Amino acid sequence: MHEMAICESILGILKDQAAKQQFSRVQRVCLEIGPLSGVEIDALRFGFDVVMKDSLAEGAVLEIDETQAQAWCMPCGGTVPLKQRFDPCPNCGSHQLQVTAGEEMRIKELEVD
Amino acid sequence: MIQLEQDILSKNNGYASENRRHFADHGILALNLVSSPGSGKTSLLVRTIQEIGGDLACNVIEGDQQTSADAERIRETGAPAIQINTGKGCHLDAHMVGHAVEHLSPADGGVLFIENVGNLVCPASFDLGEAHKVAILSVTEGEDKPLKYPDMFAASDLVLVNKTDLLPHLDFDIEAAIANARKVNPAIRVLKVSARTGEGMGAWIAWIKAARAMALAGHETLKAGE
């Protein structure tokens with residue numbers, strides 16, 4: 001359960017950006033979260049509202065873009081989709097996979113006043 | 001609308017980079033020890049420091065939600081230790097570790113063990129600036145643990161399978177546990193140890209010394225002075 005800490009990191013970035021880019025209210029926060037990032041989306045949504053209370057982003061809309069996980073399969077020599085970390089390659093069954101996407105945990109954009 | 005494309009943990013990662021630079025400048029090998037509560041991390045660390053003896057300077061950062069009991073156990077070995085209480089937090093972050101390093105000022109060319117909070121979930125996401133994460137899995141846990149907590153085993157370079165002295169009394173299938181860890185992370189190294197009997201400790205100490213030799217690359221003066 002480190003979603004609270006993640007929400008606090010988001011708030012820290014919002015405050016830094018507010019000072020840098022001269023805004024006082026955040027209306028919408030768009031995140032990009034990968035299925036392998038270790039983030040529980042429901043817990044993140046819950047934590048977001050709690051952490052943003054009494055801040056410049058109180059009541060802000062949280063939009064989450066959930067990305068797809070992918071890996072490079074060494075025996076196949078190609079990119080394959082992945083649901084979870086320990087899944088075998090859907091083509092050859094190998095576990096010799098290098099995760100190439102799905103660990104994202106990014107703030108993509110903000111709507112501010 | 002502001003386009004940001006900023007990593008949510010960028011602040012932590014910034015502190016982690018500062019820590020990593022400090023360790024590199026001082027030839028310090030930093031190891032982040034992660035596990036569930038009760039895997040025997042602190043006992044293993046005590047035994048490790050005893051076995052290293054005078055060969056290397058050992059320093060320890062202990063992370064726990066509460067109490068300084070673990071740091072006291074470490075100090076009994078003679079190694080300097082500092083306790084971080086995370087309070088409500090479930091993991092150490094790079095900022096806490098940076099402060100602890102300032103207070104502890106670990107010896108140049110030595111080993112810094114960072115014993116993370118007993119938790120196989122959250123510490124996986126927080127880089128502390130360490131050279132390696134070392135996961136400790138005890139044989140009294142399930143062999144499916146690497147599959148249940150894949151992020152931690154994916155982030156670790158080495159697994160120590162601890163409490164092997166208990167194997168005769170358990171149904172734990174050690175080879176299945178290792179196979180599961182390799183499903184998540186095909187490159188992970190595995191060593192079987194018992195902090196109680198000392199079994200496998202030699203290989204673990206050899207691994208530490210090899211990793212420390214890597215940390216010393218480019219520090220000819222430190223190497224010559226050991």
Side-chain angles (χ1 to χ4, degrees), chain A residues 1-18 20-23 26-40 43-44 48 71 73-75 82 84-89 93-99 102-113, chain B residues 1-16 34 63 65 86-96 116-117 119-128 133 143-156 176-188:
Chain A
M1 269 301 281
H2 56 298
E3 282 75 9
M4 288 300 250
I6 288 168
C7 291
E8 276 159 17
S9 301
I10 294 172
L11 181 58
I13 292 171
L14 297 184
K15 285 180 181 164
D16 288 351
Q17 290 295 327
K20 235 183 262 173
Q21 309 210 35
Q22 307 280 309
F23 59 82
V26 178
Q27 301 290 4
R28 200 156 59 90
V29 177
C30 303
L31 306 181
E32 191 173 48
I33 304 288
L36 308 181
S37 64
V39 175
E40 201 53 57
L44 188 70
F48 184 83
C73 175
M74 301 200 201
L82 205 63
Q84 327 173 75
R85 264 194 209 279
F86 46 83
D87 278 350
C89 168
S94 166
H95 284 278
Q96 297 286 325
L97 301 173
Q98 196 86 47
V99 172
E103 294 176 323
E104 301 77 15
M105 207 197 287
R106 261 196 300 268
I107 302 183
K108 269 172 59 183
E109 52 187 30
L110 304 174
E111 195 181 306
V112 301
D113 294 334
Chain B
M1 191 70 81
I2 297 176
Q3 302 288 326
L4 215 51
E5 296 291 341
Q6 189 173 353
D7 197 291
I8 294 174
L9 295 179
S10 52
K11 214 165 202 172
N12 181 73
N13 295 341
Y15 287 119
V34 291
Q65 260 200 312
T86 57
K88 273 177 274 176
C90 49
H91 57 270
L92 293 176
D93 66 38
H95 189 236
M96 298 174 190
N116 218 313
V117 178
N119 176 347
L120 276 177
V121 186
C122 313
S125 304
F126 290 82
D127 183 9
L128 305 180
K133 281 190 182 70
E143 50 273 273
D144 52 358
K145 215 147 209 189
L147 302 182
K148 287 182 172 168
Y149 300 93
D151 297 327
M152 189 59 90
F153 290 87
S156 298
I178 295 169
N180 285 338
R182 293 216 167 105
K183 278 184 190 168
V184 176
N185 181 353
I188 204 160

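Just so it is clear: chains get the letters A, B, ... in the order the sequence lines come, proteins before strands, and each one is counted from 1. As a basis for the values below, the full set of heavy atoms in this structure was taken, side chains included, without hydrogen atoms, waters or symmetry mates. These numbers come from a predicted model, not from an experiment.
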Gap between atom CD1 of B:Ile2 and atom SG of A:Cys30 - 0.5 Å precision: 11.5 Å
Taking the side chain as every heavy atom from C-beta outward, state whether A:Lys108 and B:Glu5 have any atom pair closer than 4.5 Å. yes
Nearest-0.5 Å distance, CZ of residue A:Arg106 to CG of residue B:Asp7: 7.0 Å
Quick one: are A:Ile13 and B:Lys11 in side-chain contact, heavy atoms under 4.5 Å? no
Less than 4.5 Å apart, side chain to side chain, heavy atoms only: is that true for A:Gln84 and B:Pro150? no
Heavy-atom cut-off 4.5 Å, strictly under: side chain, backbone, both or neither for A:Ile10 against chain B? both
With a 4.5 angstrom heavy-atom cut-off, which part of A:Gln17 approaches chain B: side chain, backbone, both or neither? side chain
Which answer fits A:Glu103, side chain, backbone, both or neither, if we ask what part of it has an atom under 4.5 Å from a heavy atom of chain B? neither
Check B:Leu9 against A:Ser9 and note the closest heavy-atom contact, atom names and distance. CD2-OG, 3.9 Å
A:Phe86: ring-ring contact (aromatic ring centres under 6.0 Å, His included) partners, not counting sequence neighbours: none
Check ring-ring contact (aromatic ring centres under 6.0 Å, His included) between B:His95 and all other residues, then give those that pass, not counting sequence neighbours. B:Tyr15, B:His99
Would you mind checking which part of A:Leu31 comes under 4.5 Å of any heavy atom in chain B, side chain (CB onward), backbone (N, CA, C, O), both or neither? side chain
Distance in Å, A:Gln98 CD paired with B:Asn185 CG, rounded so as to fall on 0.5 Å steps: 9.0 Å
Closest heavy-atom contact between A:Ser37 and B:Ser125? O-OG, 4.0 Å
Where on B:Phe153 is there a heavy atom nearer than 4.5 Å to chain A: the side chain, the backbone, both, or neither? neither
If I take atom CG from residue B:Leu4 and atom CD from residue A:Glu32, how far apart are they, to the nearest 0.5 angstrom? 12.0 Å
What's the separation between atom CD1 in B:Ile8 and atom CD in A:Glu104, rounded to the nearest 0.5 Å? 11.0 Å
Cut-off 4.5 Å, heavy atoms of chain B, and the answer for A:Asp16 is side chain
Quick one: SG on B:Cys90 to CD on A:Glu3, what's the gap to the nearest 0.5 Å? 8.5 Å
Is A:Ile33 close to chain B through its backbone or its side chain, or both, or neither, when contacts mean heavy atoms under 4.5 Å? side chain
Check each atom of A:Ser94 against the heavy atoms of chain B and say whether the ones under 4.5 Å are side chain, backbone, both or neither. neither
